[in-house]
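These notes are about the structure you will find just below.
Heavy atoms only: backbone and side chains are in, while hydrogens, waters and symmetry mates are out. Chain letters run A, B, ... following the sequence lines, proteins first and then strands; every chain starts at 1. In this text the structure is predicted, and so the values were computed from the model without any measurement.
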There are 2 protein chains.
Amino acid sequence: MPTLLPRERAARGAATRAPRGGERQPPLALRQGPGVAHPEKERSRRWRGPPPPGPGSSPGPRAAPALPRRSAAGRLSPGDAGPEMAAARPVLARAVLQQCLSARLQVRPPENGSEPEWVEIQRGLVIYICFFKGADQDLVPKIVNTLLNVKLSENESGEYVSLLDLPGNVLIIPQATLGGKLKGRKMQYHANIEKEKGLELYSQFVTLCEKELAANAKCMEAGVLVKYGTYGNRQVLKLDTNGPYTHLVEL
Amino acid sequence: MPTLLPRERAARGAATRAPRGGERQPPLALRQGPGVAHPEKERSRRWRGPPPPGPGSSPGPRAAPALPRRSAAGRLSPGDAGPEMAAARPVLARAVLQQCLSARLQVRPPENGSEPEWVEIQRGLVIYICFFKGADQDLVPKIVNTLLNVKLSENESGEYVSLLDLPGNVLIIPQATLGGKLKGRKMQYHANIEKEKGLELYSQFVTLCEKELAANAKCMEAGVLVKYGTYGNRQVLKLDTNGPYTHLVEL
């Protein structure tokens with residue numbers, strides 16, 4: 001029997017709390033459509049009957065452990081391993097992805113009385129990106145291709161499609177802190193790429209994202225945008241989501 | 001010579017763009033104080049002289065590669081390895097940490113005409129948490145201790161201190177999607193913990209965070225709060241940051 005949090009206890013006792021305001025509600029299509037399993041949405045749907053035995057947040061049934069499958073070559077396919085085994089090879093790039101309804105990022109801080117400068121996107125994907133030592137320009141097309149094509153963006157029918165298929169906007173945030181490794185009570189950044197090389201890869205990453213969106217008819221028609229933070233700045237960010245649906249991608 | 005982004009090109013050409021509004025400015029103390037290296041802030045400070053050769057986002061000089069040091073026992077200290085080598089053991093819990101000025105999370109969606117319910121924190125730490133198969137209750141104190149004590153929160157003097165020392169508020173968000181592993185163009189969640197066990201660990205995690213803050217005199221005096229999302233819900237989130245300073249912690 002799982003421990004009940006105060007909120008669950010209250011819910012079972014039919015107690016109600018007044019909402020604290022902020023009633024913005026996701027569009028119906030975003031909450032109810034069928035499609036690829038959303039780990040959290042899936043759970044919500046499954047627990048809709050009264051009284052729910054308790055909410056869960058692990059992915060839905062499609063994410064149940066599968067028996068390892070072998071490819072034609074007889075090797076285990078990646079992703080079929082049971083526990084989350086970290087690969088024993090250097091990570092070259094780490095990205096955290098969050099879906100957003102809108103996001104606003106400062107690209108120039110206020111200085112000498114000047115106003116700060118911001119960029120903003122509407123619905124789309126926020127990409128926090130960090131490169132590690134050993135990363136080179138060959139990696140850039142791979143990671144751009146991966147991030148723009150992975151099916152994590154929920155369309156109006158509640159299906160998960162790629163950012164290019166949504167189509168959605170992109171906000172790219174250089175985030176060197178993602179390279180941090182815990183040591184004692186502090187983070188160390190020994191594995192982060194050197195700054196000049198990092199700027200170069202970041203610039204290529206941004207340019208290639210822009211190019212890919214510009215080459216995509218759906219994106220061009222919808223007029224979606226690529227915006228990006230200034231490498232080296234503090235990334236002052238305001239984010240509004242309908243569920244960030246946070247994912248980690250490492251290459 | 002690193003590739004120049006359009007923004008850098010414009011900056012070098014002395015072109016200016018009108019700010020798009022949103023002039024909220026970080027408190028001076030937060031931008032100028034000395035202290036533990038902030039990978040991005042450090043860079044900003046170092047590039048202040050005109051004209052900068054180009055911004056960088058890799059961590060500052062303190063994060064430069066160090067020669068491997070040996071502990072008294074003659075073993076290599078963790079964190080001293082050059083490349084970011086992922087440990088070849090199962091990951092049991094994954095957390096993404098973001099600093100916030102305020103954050104607002106829906107904990108009950110609108111249903112049958114009822115208003116949604118939200119929780120909100122002011123300045124502090126947003127913890128997105130995901131447990132993997134194999135995690136058990138012994139892990140909970142370890143990860144709570146780690147997350148509340150790691151020095152990632154910037155105080156008024158610009159030093160990085162722990163959340164408990166800040167002291168700051170905590171918003172805990174169950175985020176099963178963090179367990180995703182890329183396969184082709186989709187994410188799979190095979191390694192995620194089973195839902196009931198996940199709820200149990202999440203509940204223990206929340207309870208222990210509350211307990212730790214309640215046991216901390218500084219936190220009690222400041223009246224900081226622990227808020228948390230409803231396990232299984234879509235985590236509708238609005239986040240306002242002075243730089244999310246995003247970190248990944250795995251145990």
Bottom line for A/Ser102: the part with an atom under 4.5 Å from chain B's heavy atoms is neither

So, the part of A/Leu105 with a heavy atom under 4.5 Å from chain B: the answer is neither

In terms of heavy-atom pairs under 4.5 Å with chain B, which of [options] leads?
options	answer
A/Cys100, A/Pro244, A/Ala103	A/Pro244
A/Leu237, A/Leu248, A/Val150	A/Leu237
A/Val96, A/Thr146, A/Leu178, A/Thr246	A/Thr246

For B/Gln99 and B/Thr241, does a side-chain donor sit closer than 3.5 Å to a side-chain acceptor?
no

Query raised in the report: Just checking, is any N or O donor in the side chain of B/Glu200 or B/Tyr231 under 3.5 Å from an acceptor N or O on the other one?
Result: no

So, the part of B/Leu201 with a heavy atom under 4.5 Å from chain A: the answer is neither

Closest non-hydrogen contact found for B/Leu147 with B/Phe205 is CD1-CZ, 3.8 Å

Taken to the nearest 0.5 Å, the spacing of B/Asn192 CG from B/Phe131 CZ works out to 11.5 Å

Could you walk me through whether B/Tyr160 and B/Tyr245 pass ring pair (Phe, Tyr, Trp, His ring centres under 6.0 Å), step by step? CA-CA 11 Å; B/Tyr160 286 83; B/Tyr245 201 56; 4.9 Å; yes

